[in-house]
4 protein chains.
Amino acid sequence: MTGTAGQDRAERRSSLSVPDRLLSVATRLFAERGFERTSVQELVDAAGVTKGAMYHYFSSKDDLLYAIYQRVLAMQTRRLNEFAQAGGPVEERLRAAAADVVHTTVDNLDDTVIFFRSLHMLSPDRQSAVRKERRRYHECFRAMIEEGARAGVFRSDVPADIVVTQYFGAVHHLGMWYRPEGQLGGAEIGAYYADLLLASLRP
Amino acid sequence: MTGTAGQDRAERRSSLSVPDRLLSVATRLFAERGFERTSVQELVDAAGVTKGAMYHYFSSKDDLLYAIYQRVLAMQTRRLNEFAQAGGPVEERLRAAAADVVHTTVDNLDDTVIFFRSLHMLSPDRQSAVRKERRRYHECFRAMIEEGARAGVFRSDVPADIVVTQYFGAVHHLGMWYRPEGQLGGAEIGAYYADLLLASLRP
Amino acid sequence: MTGTAGQDRAERRSSLSVPDRLLSVATRLFAERGFERTSVQELVDAAGVTKGAMYHYFSSKDDLLYAIYQRVLAMQTRRLNEFAQAGGPVEERLRAAAADVVHTTVDNLDDTVIFFRSLHMLSPDRQSAVRKERRRYHECFRAMIEEGARAGVFRSDVPADIVVTQYFGAVHHLGMWYRPEGQLGGAEIGAYYADLLLASLRP
Amino acid sequence: MTGTAGQDRAERRSSLSVPDRLLSVATRLFAERGFERTSVQELVDAAGVTKGAMYHYFSSKDDLLYAIYQRVLAMQTRRLNEFAQAGGPVEERLRAAAADVVHTTVDNLDDTVIFFRSLHMLSPDRQSAVRKERRRYHECFRAMIEEGARAGVFRSDVPADIVVTQYFGAVHHLGMWYRPEGQLGGAEIGAYYADLLLASLRP
DNA sequence: GATGAATGAGAGTTCATTCAT
DNA sequence: GATGAATGAACTCTCATTCAT
C-alpha cells in the first residue's frame, strides 16, 4: 500500500533498474552541477530511491562516480576497436574513427563533461586505472597514424603522440562549448574535425 | 624589526604581499587537489596567514578563485593582442600566436588546469563574465583565420569557428597530460601544434 | 535494550521525542539568554542530541525559532476562540478572555519573552506571517469591544484599536517583570488587569 | 588632502561630533536590525568613521549600547520629574505625565525598541543598573497613584504597582506596532492612553 | 532488501577586538 | 588621535556514511 503511494516519485515510473536509474541520474547531476556540488540526498531524491538503496548497490559516492567512468571507457574502447579493426586504407579508417569519436562524444556530452572535470575526485588508485585505460585508447589511435606514416600517406615529421593528444584534446573539450541547440550536429562537427586532422597529416 | 619573530611560518619569509601570497598558494593547491578539495584552512595555513586575513582581502573562497581567472584572462588577452597586432603576413601572425598560446599555457599549467576544471564552481554571474571574455579572445583568433581565408592563403571550406574551437580545445587540454619533466618543452610543443594547425588550413 | 547505553546523556532520559525535546530546550534557552546568545551547539548539548539530529528535524536555527512561534500562536488562538465564542453578556466574555490571556501568558512566560524579543530575528517572510496571525488575534478582541460599545455597555469615545493595543502591550510586557516567585499569581494579576480594563471602558 | 577626499562619506558632512554621530547611527541601526545583527563594521561605515575612532570613544560594542540606555534613562527621568514636581491636583499631574511618556516614546521610537529588545545583551552589571534606574522611574509614577488613592480621587482596591506595570507595559509596546505614517500622532495616542488610565482609576 | 534517523567531523564565514604604524 | 590589517575563536550549517529496525 505505502509502496504504491510512493510510486509517483520522480523516476519511479522509469523502467530502469535501481542501479541504472542511479547511474543515469548521477550522470545528469554530476554534469550539471559538478560531483561535489551534488549531495547524495539530492541524488537519491532525483532517482526516486532511498539512501539505503543507493548504498546497497554502490559502496560510496566515489564508487558511483567510478561506475560512470567504467561505462564511458567501455563504450569508447568498444567503438574505437570496431573502427580500427575494420578493413580499408588507413586514412579511411582514421577518418572514420576520428569522426566517430566526435559524434559519440557529442551524443554523450554529460559523460565527457564529467570525465575531464571530475577525474581528480576519484581515489588515486582509480585515477590511475582510468588514466591507464585512456592511454591504451590513445595507443590504438596512434598506431593508425604511425601505420599511415610508414605507408607514406601521412607526414612523419611530427610525433604521432603530439597529433593524438592534440586531436583528443579538441574532442574532449567539446563538452566545454558544444550545445545541442546550436547549428551543427555531432556528425557535421565530426566530419570537419576529421577533415582537419587528415589535412594536417598530409605529407 | 617587529614581525621578524613570526617570519618562520610557512611562506612568511616570502616577499609577496598577503593577497599575492594567497593567490599564489591557491593556484598551486587548486591545481593539485581541486578547488573543492582544498579547504580554506589548508589554504591559509599554506600561505602562512590566518583566515581573518584572507577574508580581509577576498570576500569568499569563490572570490579568490575568480581572482585567479581574472589574472589568467588578463595575461592571455594581453599576449594575444601583441601577436595579432604585429605586422607581417597573416600566416606568420597566426603561427606565432598559436605557438605562443601553447608555450604560455605550458608555462602556467596550474592556471590552465584550474581554468577548465573549476569554471562550474564560480557563481553563475562570474561564469558568464569569464565565458564572455573567452569569447572575445576566440574572436580575435578567428579574425586572423578569416583574414587568411579571404586572402586565399587558408582554405575556406571549414568554418573558422570550428578551427578555433578545435585548436583551443587541444591547447586547453595540455593541462590534462603535459608534465614538465617530459621530453618536450613548451616551445617545441607549441611549434608542432602551430605547424599542424597551419597544415590543416592549407587550401 | 539497544540505545540504553547512551541514555545517561542530558535529557536523554526524557520521554519526549527528539524534536519536542529540542523545542522545549530551545524555549528555555532562548528565553534565558536570548536567541542570538544561544549557539546551536549549546542547544543540542542541552537537549542531549547531536547537531545532525537537529538539522534533520529543523532546517535552520531560524526554523526552530519559528516552530516556537507557531506553537504559541496556535495556543493563543485556540484559547481566545473558546472565550470569544462562549455565551453570556459581552462584558463577561471580555473580562474572562482578558483575564485568561494574562494567566496563560504568565504560565508560558518563556514563550512570551521570546515572542516579543526575537521577532526581528525571524526571516522577513516569517515575521509577516506572525504579525498577520497576531492581527487576527487582536481583531477578535476588538470585535468584543465594539460589540459592547454598540450595546452601550462600553464607552465609544476611544477607538477600540487603542484599547486593544494598550491592553495587549501590558500583557506582553509581563515577561519583562513578572517573576513566578513574586507575591501575585497569574490568576490574580489576570483578575486585576481585566478589572482595570473593564473599568476603563465604563461609559 | 586625503582627509578632505573622504569627507563625502556618509554622515561625514554631519555637524555632530564623532561620538554623537556613532550614537545616532547606532540607535537607528540597532532598532532597525537588532543589536547583534549590526556589525561594528556596518556601524562605523554608516557613521563615516573608522573602527579605531569608534574604539577610541567607546570601549566596546556593549559600551555603545549602554550609552544609548543612559541617554534614554536620563531623558525619561528628567521629563517625569518635571511633571511630577509640577503643581496642581494629582489627577492632572498624573494625566499629564502619562500622556507625556507616550508622546515622548513615540518621538523616540528607536530608543524604546532597543530598550526592551536588547536589555539582555548588556553585561549583567549594566542590566542591573538599568533595571534599578527604571524602578526609580516607576516608583515616582506609583507615588502619584498612591497619593491620589489616599486623597480619594483614585480607587484603592488595585495595587498601585499593578496599575503602573500595566500602564508602562502598554507604553513600552508602542515600539512593536506604532508607525509614524499611521493616522494617530503621539499626542493623540498619549491623550487616549492617559484617559483610559484615569478612567480605570475612578473610585 | 530497504529504510531514514542519527552521527560527527569539518566546511565556509563572521566578527569584536587589538595593535603597529 | 586615528588607521585598518590582522587575529582567532566561535558561528551556522552540510554531508557521506552507518545501523537498528
Side-chain angles (χ1 to χ4, degrees), chain A residues 2-3 6 18 35-45 49-65, chain B residues 1-3 5-6 17-19 22 35-44 47-65, chain C residues 1-4 6 17-19 22 35-45 48-65, chain D residues 2-3 6 18 35-45 49-65:
Chain A
T2 49
V18 168
F35 175 75
E36 44 290 293
R37 293 272 230 241
T38 306
S39 74
V40 171
Q41 191 61 60
E42 286 169 332
L43 214 50
V44 298
D45 285 351
V49 302
T50 61
K51 274 189 193 171
M54 193 209 103
Y55 278 98
H56 182 71
Y57 294 106
F58 299 94
S59 64
S60 66
K61 196 184 166 191
D62 185 273
D63 204 44
L64 187 51
L65 179 60
Chain B
M1 208 44 44
T2 47
S17 68
V18 168
L22 281 164
F35 176 75
E36 40 297 272
R37 291 275 228 240
T38 307
S39 74
V40 171
Q41 191 60 60
E42 287 168 332
L43 210 51
V44 298
V49 302
T50 60
K51 274 190 204 177
M54 191 207 108
Y55 280 97
H56 186 71
Y57 293 105
F58 299 95
S59 62
S60 65
K61 197 184 165 192
D62 184 274
D63 203 44
L64 187 50
L65 179 60
Chain C
M1 210 42 44
T2 47
T4 319
S17 69
V18 168
L22 282 164
F35 176 76
E36 42 294 277
R37 291 273 228 241
T38 307
S39 75
V40 171
Q41 192 59 62
E42 287 168 332
L43 211 51
V44 298
D45 285 351
V49 303
T50 59
K51 270 189 213 175
M54 190 207 108
Y55 280 98
H56 185 71
Y57 293 104
F58 299 95
S59 63
S60 65
K61 197 184 166 192
D62 184 273
D63 204 43
L64 187 50
L65 179 60
Chain D
T2 49
V18 168
F35 175 75
E36 45 290 293
R37 293 272 230 243
T38 307
S39 73
V40 170
Q41 191 60 60
E42 287 168 332
L43 214 50
V44 298
D45 286 351
V49 303
T50 62
K51 276 188 193 174
M54 192 208 104
Y55 278 96
H56 182 71
Y57 294 106
F58 299 95
S59 65
S60 66
K61 197 185 166 191
D62 185 273
D63 204 44
L64 187 49
L65 178 61

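Values below: all heavy atoms of this structure, side chains included; hydrogens, waters and symmetry mates excluded. Chain letters run A, B, ... following the sequence lines, proteins first and then strands; every chain starts at 1.
- Of the candidate nucleotides E:dT17, E:dT3, F:dA6, E:dT17 has the atom nearest to the side chain of D:Ser60.
- Nearest to the side chain of B:Lys61, among E:dT13, F:dA6, F:dT12, sits E:dT13.
- Atom-to-atom, CG of D:Asp45 to P of E:dC15 comes out at 12 Å; the value is rounded to the nearest Å.
- A:Tyr57 comes within contact range of the sugar-phosphate backbone alone, with a heavy-atom separation under 4.0 Å but no base atom that close.
- Comparing B:Tyr55 and C:Ala53 along DNA chain E, the residue whose closest nucleotide (by nearest heavy atom) sits nearer the 5' end is C:Ala53.
- Within the 4.0 angstrom heavy-atom criterion, no nucleotide atom of any strand lies near A:Ser59.
- Side chain C:Lys51 to base F:dT14: no donor-acceptor pair is found below 3.5 Å.
- For the pairing with D:Met54, the side-chain contact (heavy atoms from CB on, under 4.5 Å) check across D:Val18, D:Val44, D:Asp63 returns one residue only, D:Val44.
- If you measure from atom CG of B:Asp63 to atom P of E:dT14, you get 11 Å, rounded to the nearest angstrom.
- The two residues A:Tyr55 and A:Ser60 have their closest heavy-atom pair at CE2-CA, 4.0 Å.
- With distances taken from any side-chain atom of C:Thr50 to the nucleotides E:dA16, E:dT7, F:dA6, the minimum falls on E:dT7.
- Residues passing the side-chain hydrogen bond (donor to acceptor under 3.5 Å, both in side chains) test with A:Lys51 are A:Gln41, sequence neighbours excluded.
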So what is the 5' to 3' dot-bracket string for DNA chain E, if pairs are Watson-Crick or G-U wobble with both distances under 3.5 Å, crossing pairs use [ ] and | means the partner sits on another strand? .||||||||||||||||||||

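- A distance of 9.0 Å separates OH of B:Tyr57 from CG of B:Leu22, quoted to the nearest 0.5 Å.
- Of the inter-residue distances, the one linking D:Leu64 atom CG with D:Phe58 atom CZ reads 5.0 Å to the nearest 0.5 angstrom.
- For the pair A:Arg37 CZ and E:dA11 C1', the interatomic distance rounds to 13 Å; values are reported in whole Å.
- In this entry the distance linking CE of C:Met54 with P of F:dT14 reads 10 Å, nearest Å.
- Taking side-chain N and O atoms only, B:His56 has no distance below 4.0 Å to OP1 or OP2 of F:dA6.
- To the nearest angstrom, C1' of F:dA9 lies 14 Å from CD of C:Gln41.
- Computed from coordinates, the B:Leu43 CG to E:dG10 C1' distance equals 16 Å when rounded to whole Å.
- When each of C:Ser39 and A:Val40 is assigned the nucleotide of DNA chain F with its nearest heavy atom, C:Ser39 is the one assigned upstream, toward the 5' end.
- The minimum heavy-atom distance linking D:Lys61 with D:Phe35 is given by the pair NZ-O, 2.9 Å.
- Atom CG of B:Leu64 and atom P of E:dG12 are 11 Å apart (whole Å).
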